[in-house]
*Asks:* 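Below is one structure. I have some questions about it.
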Amino acid sequence: MAWAILVLAGLFEVAWAIGLKYTEGFTRPLPSLLTLAAMVASVVLLGVAMKSLPVGTAYAVWVGVGAVGTAILGIALFAEPATVGRLVSLALIVAGIVGLKLATPD
């Protein structure tokens, strides 16, 4: 269950990272409110997951999910470049997340 909570925390991290783009410097109230809510949800869920997962593993996976998700949405939503080097690098992050899952006792 901690891993599912951790992945959900990472997805909320993606939401707030993308949300920052839509806040336009926190000048738009609704996107700003939603972004702040996603930030709180992300950190709270990370804290819950850390109750039973090692801190280093939990933090690395949280950041990894956030980084990969945000980069993919940046490509899809904002026409950011999808170069081979970038995609290979994202795949390496995913491999690291999988490796941490396999190397961490439940």
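Just so it is clear, the structure is predicted and the values come from calculations on it, not from any experiment.
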*Asks:* May I ask you to test the Leu53-Trp62 pair for a side-chain heavy-atom distance under 4.5 Å?
*Replies:*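 No. Closest side-chain heavy atoms not under 4.5 Å.
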
*Asks:* Would you say Trp3 and Thr104 make side-chain contact, with heavy atoms under 4.5 Å?
*Replies:*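 When only atoms from C-beta onward are counted, Thr104 and Trp3 do touch, with a gap below 4.5 Å.
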
*Asks:* Taking the side chain as everything from C-beta on, heavy atoms only, tell me whether Val61 gets closer than 4.5 Å to Val65.
*Replies:*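 Touching, per the 4.5 Å side-chain cut-off.
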
*Asks:* Which pair of heavy atoms, one from Gly74 and one from Ile18, lies closest together, and at what distance?
*Replies:*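 Reported closest heavy-atom pair: N-CD1, 4.4 Å.
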
*Asks:* Side-chain heavy atoms under 4.5 angstrom apart, residues restricted to Ile, Leu, Val, Met, Phe, Trp, Tyr: same cluster for Val48 and Phe12?
*Replies:*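 Yes, it is one cluster - the side chains of Val48 and Phe12 are joined through contacts under 4.5 Å.
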
*Asks:* Answer yes or no: is there a side-chain heavy-atom contact under 4.5 Å between Leu36 and Phe26?
*Replies:*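 Leu36 reaches Phe26 side chain to side chain.
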
*Asks:* Nearest 0.5 Å please: distance from the CZ atom of Arg28 over to the CG atom of Leu34.
*Replies:*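 Result: 10.5 Å between the selected atoms.
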
*Asks:* Can Arg86 and Ile75 be said to form a side chain to side chain contact (heavy atoms under 4.5 Å, CB included), step by step?
*Replies:* CA-CA 10 Å; Arg86 196 165 185 213; Ile75 291 166; 3.7 Å; yes

*Asks:* Looking at every non-hydrogen atom in both residues, tell me the closest pair between Thr27 and Pro29 and how far apart they are.
*Replies:*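 Here Thr27 and Pro29 meet closest at O-CD, 3.6 Å.
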
*Asks:* Transitively linked via ILVMFWY side-chain contacts under 4.5 Å: Val88 with Val94?
*Replies:*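 The answer is no; the residues belong to distinct hydrophobic clusters.
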
*Asks:* Is there a donor-acceptor pair under 3.5 Å between the side chain of Ser42 and the backbone N or O of Ala38?
*Replies:*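 Here the side-chain-to-backbone pair does not exist.
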
*Asks:* Compare all side-chain heavy atoms of Leu46 with those of Glu13 and state whether any distance is below 4.5 angstrom.
*Replies:*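 Sidechains of Glu13 and Leu46: no contact.
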
*Asks:* Decide whether Leu6 and Tyr59 are clustered together by the hydrophobic rule: side chain heavy atoms of Ile, Leu, Val, Met, Phe, Trp, Tyr closer than 4.5 Å, transitively.
*Replies:*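 As far as the 4.5 Å side-chain criterion goes, Tyr59 and Leu6 are connected within one cluster.
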
*Asks:* Locate the shortest heavy-atom distance separating Ala2 from Ser52; write the atom from each residue and the value.
*Replies:*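 For Ala2 versus Ser52, the nearest heavy atoms are CB-OG, 3.1 Å.
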
*Asks:* Look at the side-chain heavy atoms of Ile, Leu, Val, Met, Phe, Trp and Tyr, link any pair under 4.5 Å apart, and say whether Trp16 and Leu30 land in one connected group.
*Replies:*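 No, no single cluster joins them.
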
*Asks:* Scan Val14, Leu73, Leu90 and name whichever one has a side-chain contact (heavy atoms from CB on, under 4.5 Å) with Val68.
*Replies:*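 So the option named by the test is Leu90.
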
*Asks:* Side chain to side chain contact (heavy atoms under 4.5 Å, CB included) between Met39 and Leu20: does it pass, once the steps are laid out?
*Replies:* CA-CA 10 Å; Met39 287 176 175; Leu20 283 173; 3.9 Å; yes

*Asks:* What closest approach, in Å, do Glu80 and Ala71 show between heavy atoms, and which atom pair accounts for it?
*Replies:*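 Answer, listing the atom of Glu80 first, then Ala71: OE1-O, 4.4 Å.
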
*Asks:* Tell me whether Val63 is reachable from Ile97 by hopping between hydrophobic residues (I, L, V, M, F, W, Y) whose side-chain heavy atoms are closer than 4.5 Å.
*Replies:*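 Linked within one cluster.
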
